[in-house]
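First up is the structure itself, then whatever we jot down about it.
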Amino acid sequence: MAMLVGTCAAVLMGIVHHYALSGILRFSPHRSEGSGLRIILTFSALLLLHVLELVTLAVFNAMVVENLLPQSFGNSPALFEDILYVTGISFSTLGYSSLEVSGPFRLLLMLQSLLGFMLLTWSATFLYSACQQVWQQAKDNR
């Protein structure tokens, strides 16, 4: 069940990420405008997007822990900051934590780690593409 819920959440997050990237592309300065500004705005928008994705996943995880898997952090109730930390460590694919989770929640975090890897590399490619366009224009204008 955790795998199904995690997969559905990952697909939904991927769809949202796609539309967010489309919005960033639509509202970023065009090639003729400030080249450095385009890179900085794209980077900043991606940073904000990933922070929002991370917080969204942490809220989702908090609801799962509170309502479905209360023993995921042992016998003590999990604080939101603990859930945010574990979610962030998983999302960034670092995968280590001083907090130990157990049971099906581990499977959910594993899928979120895969999701984080996919979204972060997607965003890195998106940023690299924006940089390439700016750099190519600067090269062509020499």
Side-chain angles (χ1 to χ4, degrees), residues 1-140:
M1 184 57 123
M3 293 289 285
L4 178 64
V5 170
T7 301
C8 290
V11 168
L12 181 62
M13 188 69 73
I15 292 168
V16 169
H17 193 81
H18 163 72
Y19 285 108
L21 291 179
S22 296
I24 292 169
L25 189 60
R26 188 173 329 133
F27 293 110
S28 67
H30 296 288
R31 291 182 185 181
S32 60
E33 299 172 18
S35 60
L37 180 63
R38 180 172 188 202
I39 293 172
I40 292 167
L41 288 177
T42 301
F43 175 84
S44 300
L46 288 171
L47 177 63
L48 179 62
L49 174 61
H50 286 292
V51 168
L52 291 173
E53 289 168 345
L54 180 60
V55 170
T56 300
L57 285 173
V59 168
F60 172 77
N61 287 344
M63 291 187 315
V64 167
V65 167
E66 184 177 324
N67 298 311
L68 301 174
L69 303 169
Q71 299 300 318
S72 296
F73 282 87
N75 294 329
S76 60
L79 301 173
F80 182 74
E81 68 185 35
D82 295 334
I83 294 172
L84 179 62
Y85 172 74
V86 167
T87 302
I89 293 299
S90 294
F91 187 79
S92 65
T93 70
L94 295 174
Y96 69 88
S97 172
S98 59
L99 300 173
E100 191 169 325
V101 296
S102 61
F105 190 62
R106 293 177 305 153
L107 298 175
L108 192 61
L109 288 176
M110 175 193 68
L111 285 169
Q112 289 176 7
S113 181
L114 176 61
L115 172 66
F117 174 75
M118 293 175 72
L119 295 183
L120 291 169
T121 54
W122 190 358
S123 293
T125 304
F126 183 83
L127 179 60
Y128 180 75
S129 176
C131 290
Q132 278 293 100
Q133 290 174 359
V134 169
W135 297 332
Q136 186 63 46
Q137 179 192 9
K139 184 178 178 184
D140 292 345

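What's counted below: heavy atoms across the whole structure, side chains too, no hydrogens, waters or symmetry copies.
With contacts defined as side-chain heavy-atom distances shorter than 4.5 Å, the pair Leu79/Phe73 does not qualify. Thr87 places none of its side-chain heavy atoms less than 4.5 Å from the side chain of Phe60. Side-chain contact check for Ile39 versus Trp135: some heavy-atom pair is nearer than 4.5 Å. Here the side chains of Phe105 and Leu68 are not in contact, with every heavy-atom distance at 4.5 Å or above.
The shortest non-hydrogen separation linking Met3 to Leu111 is O-CD1, 3.4 Å. Between Arg38 and Ser28, the shortest heavy-atom distance links the atoms NE-OG, 3.7 Å. Closest approach of Pro104 and Ala2 over heavy atoms only: O-CB, 3.5 Å. Smallest separation of non-hydrogen atoms from Thr42 and Leu127: CG2-CD1, 3.8 Å. Across Gly6 and Leu108, no two heavy atoms sit closer than the pair CA-CD1, 3.3 Å. The two atoms that bring Ser92 and Leu120 nearest to each other are CA-CD1, 4.1 Å, heavy atoms only.
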Compile the donor-acceptor pairs under 3.5 Å between side chains in residues 8-24 and protein atoms, sequence neighbours left out, one pair per line.
unit_1: His17; atom_1: ND1; unit_2: Glu53; atom_2: OE2; d: 2.5
unit_1: His17; atom_1: NE2; unit_2: Ser123; atom_2: OG; d: 3.0
unit_1: Ser22; atom_1: OG; unit_2: His18; atom_2: O; d: 3.1

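Looking at Val101, Ile83, Asp82 one by one, the single match for side-chain contact (heavy atoms from CB on, under 4.5 Å) with Val65 turns out to be Ile83.
A donor-acceptor pair under 3.5 Å is formed between the side chain of Thr56 and the backbone N or O of Leu52. Side chain of Ser113 to backbone of Leu109: no donor-acceptor contact under 3.5 angstrom is found.
With rounding to the nearest 0.5 angstrom, the CG atom of Leu114 is 9.5 Å from the CG atom of Leu119. Of the inter-residue distances, the one linking Trp122 atom CH2 with Leu115 atom CG reads 10.0 Å to the nearest 0.5 angstrom. Between the CG atom in Asn61 and the CZ atom in Phe91 there is a gap of 11.5 Å [rounded to 0.5 Å].
More than 12 heavy-atom neighbours from other residues, nucleotides or ligands sit within 6.0 angstrom of CD on Gln132. Within 6.0 Å of CZ on Phe80 lie more than 12 heavy atoms contributed by other residues, nucleotides or ligands. Heavy-atom neighbours of Met110 CE from other residues, nucleotides or ligands within 6.0 Å: above the threshold of 12.
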